[in-house]
Structure formats: C-alpha cells, structure tokens
Colleague: 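Sharing a structure, written as structure tokens. Questions coming.
Order of appearance sets the numbers: ligands from 1, and atoms from 1 within every ligand.
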Amino acid sequence: MKSEKKGFVWGHKHLLGLEYLTAQEITHILDTGESFKEVSRRNIKKVPTLRGKVVVNMFVEPSTRTRMSFSLAAKRLSADIVDFSPSLSSLSKGETVKDTARNIEAMGVDIVIIRHTAPGTAHMLSRIINASVINAGDGAHEHPSQGLLDIFTIRQKKGEIKGLKVAVVGDILHSRVARSNIWGLTKLGAEVIAVGPPTLIPEHIRDLGVRVSYDLDAVIPEIDVINILRIQLERQRSKFFPTVREYARLFGINSERLKRAKEDVLIMHPGPINRGVEITPDVADGKHSVILEQVANGLAIRMAILYLVKTAISE
Ligand code: CP
C-alpha cells in the first residue's frame, strides 16, 4: 500500500496547504496516491488502514466533489466517517467554529476535514485541537487536495511535471485552487502562467514565481496544460469585468481558440463548471478534457492524504 522510499519519513499531522510542503513531500503524496489507485481497481475496494479511526467532514461551505470524495476515501480506508451539516448544527444558533470543533473533538475524533469561507480556518483549528486537520478549502487561500489531484492528473498524462508550461486561466484573485496549483507546480519545476483580466490577477502573484499574461490568445500556442478556473461570482463584491459575455469572449476556452493550442494540450477544470462562461460544453466534454479523470483521481489522492496524516498521528 505504502510507497516505500528509503530514508523518507512522512512527518505532517495536518495538511494545511502546498505552501508548507517540499517537492519531495508532494511527490510522496502523489506516489502514495498511485498505490491507492490500485485499490480502486480491485473487486473489493476496501482496506483496513483507518479501522477504528473517526473522521469528521466539517464543511461550512457548499461542496459536491471534495466532500463526497473525502467521505468515500475514508470509507474505503475503513474509517468511521461523520458528515457535519452546518445548517442542522449549532453553528446556526451562533456557536463559533472553534467551539464546534472542540466539542466534536471531545467525542473522540481523529481527523477533521474542514472547508470554510474564511482563509486561515484550518490553521486556526490545527492550533486548538489535537486531531489532525485537513484543509478542504479556506476562502481564497488554499485547496491542497485539489492542487494535488490536479498535479497527479497532469503527471499521469504527461509523465513528469518538470518543464511543463501550465496556464491557470481566469479568476486568480478569488481562487484557492490557483494558489495550491501554483505552489505545487512551481515546486515540481513547471512554469505557471496566470492568465486573465488585470482585475482578476493580483500583482503579488508574480512573487510566487508566476508569469502573468492578460492575453490568452498570445500564450495559448506554447501551453501544455490549461487549468480553467470557475468565475466565482459569489466571492466578487464588485464588478471585475464589464459582462460575462465579454469575459467569455476574451478568456473563455472554446473550440475555435483551441485550434491554436498544442495537439496534446490538456484541458482541466476543478469544477463546478459555468458552462458557456469560462468553458464551452464541447470543450468541457471534448477529447482534450480530463475533468472527470481529475474527479476520479481525487479519490486516490484523498485516500493517500488520510493515510499519511494517520501515520503521523500513530508515530
Ligand atoms: N473542486 C471543488 O472543490 O469542488 P467542490 O466545491 O464541489 O468540492
């Protein structure tokens, strides 16, 4: 099950972001994910790795993919998994996330998976509870499991990450997926190009070693992977572009635009998709798209994450 590497010991009890991991640690998670992919191909897709451990899915913001994927990953590892619904919880009566987490922990929980609108929530919890904390997305900060499954999918399709040119296109300003991709991909030696309107690309992104382009058509011929971000209208408090139609015209990925891309370009999207805005339906479902493979790989990567944080608790 475990990817064996001489002299390497995983030492992180929490997974808070790819910013805090080395290239070797990221590669170790990807390699461990490969082992768990093999489990998903078996007739009986279950291993006893987390038997007796309790995992809580504490999603204080909507999710389809991440929540279900962590839930299924925990079940395949034989953990007891509890899904927490904020609207049915005492959060709706004014209890703080801190108090809720402490009360949940008092019931004997080993791993808390947290998604929250506020950046830094996972860090805060990791300081106040003894359980392992996994960041499933904190505001516009990081979404490490998504970054890892994206990089895993790219590695699977392209062989290696080093030397690739990856465009992250769209709403970089509000995107935790962009930040986790940038940390992970640059550490593994890819060149990342942030593409979008100037209003959606923060200046400081260049400090992370990222190239910036406001002209998608100019860069598209040199790109190996296009990771398309959702336009996050729910996080936008002011207008960042004149109209959705204008955005789609300049930065939407459509089949006409793809004619200028490399023959083997990969089209990725973390979901959920705004069809017809950042990507047209024919491209989302077309031959370059690996969007559903990303979702399938998410399960193996999340099994790897749960397994690795568990090894750190046990030692
Ligand atoms: N990619 C992603 O985080 O999707 P969900 O919001 O559905 O979890």
Colleague: For ligand 1, which atoms, with element, lie under 4.0 Å from some heavy atom of Thr64?
Modeller: 5 (P), 7 (O), 8 (O)

Colleague: Should we say atom CZ of Arg275 is surrounded by more than 12 heavy atoms from elsewhere, each under 6.0 Å from it?
Modeller: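 Result for CZ/Arg275: enclosed.
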
Colleague: Quick check: Arg67 and ligand 1, any N/O pair under 3.5 Å apart?
Modeller: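 No; every N/O pair is 3.5 Å or more apart.
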
Colleague: When you measure from the heavy atoms of Arg115 to every atom of ligand 1, does any distance fall below 4.0 Å?
Modeller: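 True for this residue.
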
Colleague: At what distance is the nearest protein heavy atom to atom 1 (N) of ligand 1, and which residue and atom is it?
Modeller: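 Atom 1 (N) of ligand 1 sits closest to the protein heavy atom Pro270 O, 2.8 Å.
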
Colleague: Would you mind listing which atoms of ligand 1 come within a distance below 4.0 Å of any non-hydrogen atom of Gln146?
Modeller: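 So the answer, numbered in order with elements, is 1 (N), 2 (C).
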
Colleague: Judged by atom type as modelled, is there a donor-acceptor pair below 3.5 Å linking the side chain of Asp224 to the main-chain atoms of Val166?
Modeller: no

Colleague: Examine Phe240 together with His174 and report whether their ring centres are nearer than 6.0 Å.
Modeller: yes

Colleague: Among all protein heavy atoms, pick out the one at the shortest distance from atom 4 (O) of ligand 1; state its residue, atom name and that distance to 0.1 Å.
Modeller: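 Scanning the protein heavy atoms, the shortest distance from atom 4 (O) of ligand 1 goes to Arg65 NE, 3.1 Å.
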
Colleague: In terms of atom number and element, which parts of ligand 1 are under 4.0 angstrom from non-hydrogen atoms of Thr66?
Modeller: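 Listed by number with element, the hits are 2 (C), 3 (O), 4 (O), 5 (P), 8 (O).
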
Colleague: Within a distance under 4.0 Å of any heavy atom of Gly271, pick out the atoms of ligand 1 and give their elements.
Modeller: 1 (N), 2 (C), 4 (O)

Colleague: Measure across Ala140 and Pro119 and return the closest heavy-atom pair with its distance rounded to 0.1 Å.
Modeller: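 Minimum heavy-atom separation between Ala140 and Pro119: N-CG, 4.2 Å.
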
Colleague: Which heavy atom of Gln294 sits nearest to which heavy atom of Asp150, and what is that distance?
Modeller: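 Residues Gln294 and Asp150, closest heavy atoms: NE2-OD1, 2.8 Å.
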
Colleague: Looking at ligand 1, is there an atom of it that comes within less than 4.0 Å of some heavy atom belonging to Gly137?
Modeller: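 Flag not set, Gly137 not near ligand 1.
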
Colleague: State, to 0.1 Å, how close Met58 and Thr100 come at their nearest heavy-atom pair, and which atoms those are.
Modeller: CE-CG2, 3.8 Å

Colleague: Check for me whether the distance between the ring centres of Tyr307 and Phe36 falls short of 6.0 Å.
Modeller: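 Under 6.0 Å, so yes.
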
